[in-house]
J.: 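After the C-alpha cells below, expect a handful of questions from me.
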Amino acid sequence: MSGLILKLGPKERVLINGAVIENGDKRSRLSIVTPEANILRLRDAIHPEHATTPVRRVCYAAQLVLSGDSNPDEARLPLLRRIEELSQILTDVDSRSHLAQATQAVLDGQFYQCLKSLRNLLGREDRLLARRVS
C-alpha cells in the first residue's frame, strides 16, 4: 500500500481537504491513499499571529495551500520566490538541503512535503534570531 500513513494521538486533530477530523480516545493510524489530498496536523499549524519571521511566513504560506485557503497554482511562484530569498540568507549545507527539498516539493505540487522541509529550519532560524538580539 502506498500513500501517507498518519499516526494520531488521542484527541489529536487533523485537517484533511478542509475538514477538521478529531481522533478518538486511543491512538490510531490512518492510511491516506488519495495522492492529491491536502493534510495538515493542527498541532503543526502556525497561527497567523505567529508567522512573524521569514521561515515562519513561508511555512504559513505553504500551510494556506494545505488548508484550502490558497490556490496551489497561484501560490506556487510566490512560494518559490520566498524559498529562494531564504536561500540567500541560510547558506549552510544543511539549510540548503532542506530548501532544495522544499523547492522540489513545490514544483511537484507536494505542499505537505514543502512544509515538512521548511519546518526543519525553524530551530535554526530561532537560534540565529536569538544571537542577533543578544
Side-chain angles (χ1 to χ4, degrees):
M1 177 187 337
S2 63
L4 176 68
I5 303 296
L6 198 57
K7 296 175 184 174
L8 300 174
K11 300 293 182 186
E12 186 173 356
R13 292 179 177 185
V14 64
L15 185 72
I16 300 177
N17 288 344
V20 175
I21 298 169
E22 183 176 86
N23 190 26
D25 293 329
K26 297 181 181 179
R27 294 185 66 75
S28 65
R29 185 176 142 142
L30 299 172
S31 297
I32 310 297
V33 295
T34 303
E36 301 301 318
N38 289 322
I39 299 166
L40 176 65
R41 288 178 181 271
L42 292 184
R43 72 175 183 201
D44 294 336
I46 295 175
H47 195 275
E49 295 168 358
H50 296 128
T52 58
T53 64
V55 175
R56 279 181 173 73
R57 283 191 287 268
V58 179
C59 286
Y60 184 70
Q63 177 181 303
L64 289 175
V65 174
L66 292 173
S67 67
D69 293 315
S70 187
N71 180 308
D73 294 329
E74 294 173 8
R76 186 169 280 114
L77 188 55
L79 261 173
L80 290 171
R81 282 188 190 129
R82 289 178 172 183
I83 293 169
E84 176 59 28
E85 289 170 0
L86 289 176
S87 73
Q88 302 299 316
I89 299 165
L90 302 171
T91 58
D92 62 281
V93 174
D94 189 47
S95 295
R96 287 289 179 119
S97 174
H98 290 300
L99 292 167
Q101 291 169 8
T103 297
Q104 190 59 52
V106 172
L107 292 172
D108 294 341
Q110 301 294 319
F111 293 94
Y112 179 80
Q113 293 303 321
C114 172
L115 179 60
K116 186 176 172 184
S117 295
L118 291 169
R119 287 186 61 79
N120 287 314
L121 300 172
L122 290 173
R124 181 167 293 122
E125 180 185 52
D126 289 342
R127 287 188 299 278
L128 289 170
L129 292 174
R131 253 189 251 152
R132 189 172 150 222
V133 172
S134 300

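Atoms considered below: every heavy atom in the structure, side chains included; atoms not considered: hydrogens, waters and symmetry mates.
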J.: Got a sec: does the NZ of Lys26 have more than 12 other heavy atoms crowding it under 6.0 Å?
T.: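 Result for NZ/Lys26: open.
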J.: What's the shortest heavy-atom distance between Glu125 and Thr53, and which atoms?
T.: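 The answer is OE1-OG1, 2.6 Å.
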J.: Test side chain to side chain contact (heavy atoms under 4.5 Å, CB included) on Val65 and Cys114; report intermediate values, then the result.
T.: CA-CA 11 Å; Val65 174; Cys114 172; over 6 Å; no
J.: Could you pull out the closest heavy-atom pair between Glu12 and Arg41, with the gap in Å?
T.: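 Result for this residue pair: OE2-NH1, 2.6 Å.
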J.: Quick one: list whatever passes side chain to side chain donor-acceptor pair (under 3.5 Å) with Arg13, sequence neighbours left out.
T.: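 Expected list: Glu22.
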J.: Could you tell me if the side chain of Leu15 sits less than 4.5 Å from the side chain of Ile21, heavy atoms only?
T.: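 No, every pair of side-chain atoms sits at 4.5 Å or beyond.
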J.: Which value, rounded to the nearest 0.5 Å, describes the distance between Ile16 atom CD1 and Leu40 atom CG?
T.: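 Ile16 atom CD1 to Leu40 atom CG measures 10.5 Å (nearest 0.5 Å).
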J.: Do Leu128 and Arg124 make a side-chain contact, defined as non-hydrogen atoms from C-beta onward lying under 4.5 Å apart?
T.: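 Leu128 reaches Arg124 side chain to side chain.
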J.: Is there side-chain contact between Ile5 and Leu30, with heavy atoms separated by less than 4.5 Å?
T.: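 The answer is no; the side chains never approach within 4.5 Å.
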J.: Side chain to side chain donor-acceptor pair (under 3.5 Å) with Asp44: which residues, sequence neighbours excluded?
T.: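 Checked Asp44 against side chain to side chain donor-acceptor pair (under 3.5 Å); zero matches.
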J.: Please evaluate residues Arg29 and Leu6 with respect to the criterion side chain to side chain contact (heavy atoms under 4.5 Å, CB included), reporting the C-alpha separation (whole Å), side-chain torsions for both, the decisive distance (0.1 Å), and the verdict.
T.: CA-CA 6 Å; Arg29 185 176 142 142; Leu6 198 57; over 6 Å; no
J.: Looking only at heavy atoms, what is the nearest atom pair of Ala51 and Arg57, with distance?
T.: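 That closest heavy-atom pairing would be O-CG, 3.2 Å.
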J.: Group every Ile, Leu, Val, Met, Phe, Trp and Tyr by side-chain heavy-atom contacts under 4.5 Å, then state whether Leu107 and Val58 land in the same group.
T.: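 Yes: a chain of side-chain contacts under 4.5 Å links Leu107 to Val58.
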J.: Side-chain heavy atoms under 4.5 angstrom apart, residues restricted to Ile, Leu, Val, Met, Phe, Trp, Tyr: same cluster for Tyr112 and Ile83?
T.: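 Tyr112 clusters together with Ile83.
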J.: For the pair Asp126 and Arg56, find out whether any cationic side-chain nitrogen is under 4.0 Å from an anionic carboxylate oxygen.
T.: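 Between Arg56 and Asp126 there is a salt bridge, with a charged N closer than 4.0 Å to a carboxylate O.
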J.: Hey, does Glu85 have a side-chain heavy atom less than 4.5 Å from the side chain of Pro54?
T.: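 Side chain of Pro54 against side chain of Glu85, heavy atoms only: no contact under 4.5 Å found.
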J.: Can you name the side chain to side chain donor-acceptor pair (under 3.5 Å) partners of Asn71, sequence neighbours left out?
T.: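 Per chain and number, Asn71 pairs via side chain to side chain donor-acceptor pair (under 3.5 Å) with no residue.
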J.: What's the separation between atom CG in Asp108 and atom OG1 in Thr103, rounded to the nearest 0.5 Å?
T.: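 Answer rounded to 0.5 Å: 10.5 Å.
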J.: Side chains of Ile39 and Val14: closer than 4.5 Å at any heavy-atom pair?
T.: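 Answer yes - side chains close enough.
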J.: Do Leu122 and Leu42 land in one hydrophobic cluster if side-chain heavy atoms of ILVMFWY residues count as linked below 4.5 Å?
T.: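 Linked within one cluster.
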J.: Which value, rounded to the nearest 0.5 Å, describes the distance between Leu121 atom CG and His98 atom NE2?
T.: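 So the gap between those two atoms works out to 6.0 Å.
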J.: Which heavy-atom pair separates Gly9 from Asn23 by the least distance, and what is that distance?
T.: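 Residues Gly9 and Asn23, closest heavy atoms: O-ND2, 2.8 Å.
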J.: Once rounded to the nearest 0.5 Å, what's the spacing between atom CD of Gln110 and atom CD of Gln101?
T.: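 CD of Gln101 is found 13.5 Å from CD of Gln110.
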J.: Where do Pro10 and Asp25 come nearest, in terms of heavy atoms and distance?
T.: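 That would be CB-O, 3.3 Å.
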J.: Val20, Leu115: one ILVMFWY side-chain cluster at the under-4.5 Å cut-off?
T.: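 Hydrophobic grouping puts Val20 with Leu115.
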J.: Do other residues, nucleotides or ligands put more than 12 heavy atoms under 6.0 Å from the CG atom of Asp73?
T.: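 For Asp73, atom CG is crowded (more than 12 foreign heavy atoms under 6.0 Å).
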J.: For a side chain to side chain contact (heavy atoms under 4.5 Å, CB included) check, start with the C-alpha distance between Phe111 and Arg76, then their side-chain angles and the critical distance, and finish with the verdict.
T.: CA-CA 9 Å; Phe111 293 94; Arg76 186 169 280 114; 4.0 Å; yes
J.: As an exercise, state the distance from CZ of Arg119 to SG of Cys59, rounded to the nearest 0.5 Å.
T.: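 Going from CZ on Arg119 over to SG on Cys59, the span is 6.5 Å.
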J.: Is Ser117 close to Leu99 at the side-chain level, that is, under 4.5 Å between some pair of heavy atoms?
T.: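 Leu99 does not reach Ser117 side chain to side chain.
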J.: Nearest 0.5 Å, what's the OG-CG distance between Ser95 and Leu90?
T.: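 Here the interatomic distance stands at 4.5 Å.
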J.: Is there a side-chain contact between Ser67 and Asn38, using heavy atoms and a 4.5 Å cut-off?
T.: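 No, too far: nothing below the 4.5 Å cut-off.
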